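In this text, all values refer to a predicted model and were calculated from it rather than measured experimentally.
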Amino acid sequence: MPKTETPAERRRSERAGETRSDIVRAAGRLMLHRGYVATSINSIATEAGVAVQTIYNSVGSKAELLSAVLELAAEGPGTQELVPAALRKRVLAASSAVEILRVVADWFLAVNERTVNVVLMISQAAAVDGDVAAVERRSTASRLHTCGEVATSLRAVRGLRGGMSDPEAAAAIWAVGHPQVYRMLVSELGWSSEAYRDWLEKALRGALS
């Protein structure tokens, strides 16, 4: 039987969570303003109002901080639910392939809007920092796994074309919704969010069905 948390333990846990959030938000502000390489752990500690050791105890290394910055940006404000879990819940509630693709298009738009600058920073830093390159690989693997879950749900409602395997479908979903595609179309070429979202749904339908 799991141990019941006492009020004092609950308060300590809540304070630890708040401290971690403050650190990650401070890291995000500085990294996006100065760049990853130019942002030191000391400067993050000063910005967050904590000791350097508190950062290592609460979050971890600088690369782990960057990973947490990406996760926080992806989640968006006012939610504690991890992005893959939120998408999974919406996909499972959909009753047809059309609904699933609509959900996925909405999800890609929302997440890419929130993370575009962080993803670009990670891509740039990964070229010179092996630890950040590992963060980028983990993020890619996680996103591809999530796309695999979508592919499985599409197969369950006969939403995949004949002869297409789940891994192939996952790769297609991943490629269409890739953050760099969003950055090029919206940030660089000036597409509106609505145009990008509509293209996403059409491109996903064309690639999968």
Side-chain angles (χ1 to χ4, degrees), residues 21 24-25 28-29 31-32 66-123 135-209:
S21 294
V24 174
R25 289 190 174 92
R29 288 193 298 271
M31 288 176 179
L32 287 170
L66 181 55
S67 180
V69 167
L70 177 61
E71 288 178 5
L72 184 65
E75 290 170 13
T79 180
Q80 297 297 317
E81 190 170 37
L82 293 176
V83 169
L87 175 65
R88 186 181 305 118
K89 186 183 300 182
R90 293 178 60 195
V91 166
L92 290 175
S95 59
S96 68
V98 170
E99 285 186 45
I100 290 174
L101 294 181
R102 189 173 299 132
V103 164
V104 172
D106 289 342
W107 178 75
F108 273 132
L109 171 61
V111 172
N112 285 335
E113 281 182 333
R114 292 194 294 260
T115 63
V116 58
N117 293 327
V118 180
V119 170
L120 177 60
M121 177 172 58
I122 290 173
S123 178
V135 168
E136 187 175 45
R137 286 193 297 272
R138 288 197 301 270
S139 175
T140 296
S142 175
R143 192 176 268 238
L144 186 57
H145 177 78
T146 299
C147 292
E149 293 184 345
V150 173
T152 299
S153 294
L154 283 167
R155 183 171 301 285
V157 294
R158 302 182 184 278
L160 296 182
R161 75 162 63 103
M164 174 173 276
S165 69
D166 284 10
E168 289 170 337
I173 296 166
W174 176 84
V176 170
H178 197 282
Q180 293 205 28
V181 175
Y182 170 87
R183 183 171 64 83
M184 288 303 301
L185 293 178
V186 179
S187 302
E188 300 293 333
L189 297 179
W191 282 30
S192 68
S193 295
E194 293 77 12
Y196 169 74
R197 188 245 167 262
D198 288 346
W199 170 80
L200 270 175
E201 189 171 349
K202 292 172 184 174
L204 288 167
R205 191 182 308 125
L208 300 168
S209 59

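Crowding of Arg161 atom CZ: a count of heavy atoms from other residues, nucleotides or ligands under 6.0 Å exceeding 12.
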Could you give the side-chain donor-acceptor pairs of residues 100-110 under 3.5 Å, partners two or more places apart or in another chain?
residue	atom	partner	partner atom	Å
Asp106	OD1	Arg197	NE	2.7
Asp106	OD1	Arg197	NH2	3.3

Contacts table for residues 170-182: side-chain donor-acceptor under 3.5 angstrom, sequence neighbours left out:
residue	atom	partner	partner atom	Å
His178	ND1	Gln180	N	3.0

Just do the side chain to side chain contact (heavy atoms under 4.5 Å, CB included) check on Leu87 and Val150 with the steps written out, would you?
CA-CA 9 Å; Leu87 175 65; Val150 173; 4.0 Å; yes

Step-by-step side chain to side chain contact (heavy atoms under 4.5 Å, CB included) determination, Val69 to Ile122:
CA-CA 10 Å; Val69 167; Ile122 290 173; over 6 Å; no

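Separation of atoms CH2 (Trp191) and CG (Leu185) is listed at 4.5 Å; rounding is to 0.5 Å. One distance of note links CE of Met164 with CG of Leu208; it measures 5.5 Å at 0.5 Å rounding. The structure places OG of Ser209 at 9.0 Å from CG of Leu154, a figure rounded to the nearest 0.5 Å. In this structure, OG in Ser139 is found 5.0 Å from CG in Leu70, a value given to the nearest 0.5 Å. The OG atom of Ser193 sits 10.5 Å away from atom CG of Asp198, with the distance rounded to the nearest 0.5 Å. With values rounded to the nearest 0.5 angstrom, Trp199 atom CH2 is found 13.5 Å from Ser192 atom OG.
Considering every non-hydrogen atom in both Val157 and Ala97, the closest pair reads CG2-N, 3.7 Å. Scanning all heavy atoms of the two residues, the minimum distance from Glu168 to Gly163 falls at OE1-O, 3.8 Å. Closest of all the heavy-atom pairs between Arg88 and Glu149 is NE-OE1, 2.9 Å.
Formation of a donor-acceptor pair under 3.5 Å by the Thr140 side chain with backbone atoms of Glu136 is found in this model.
At a threshold of 4.5 Å between non-hydrogen side-chain atoms, the residues Arg183 and Leu120 count as touching.
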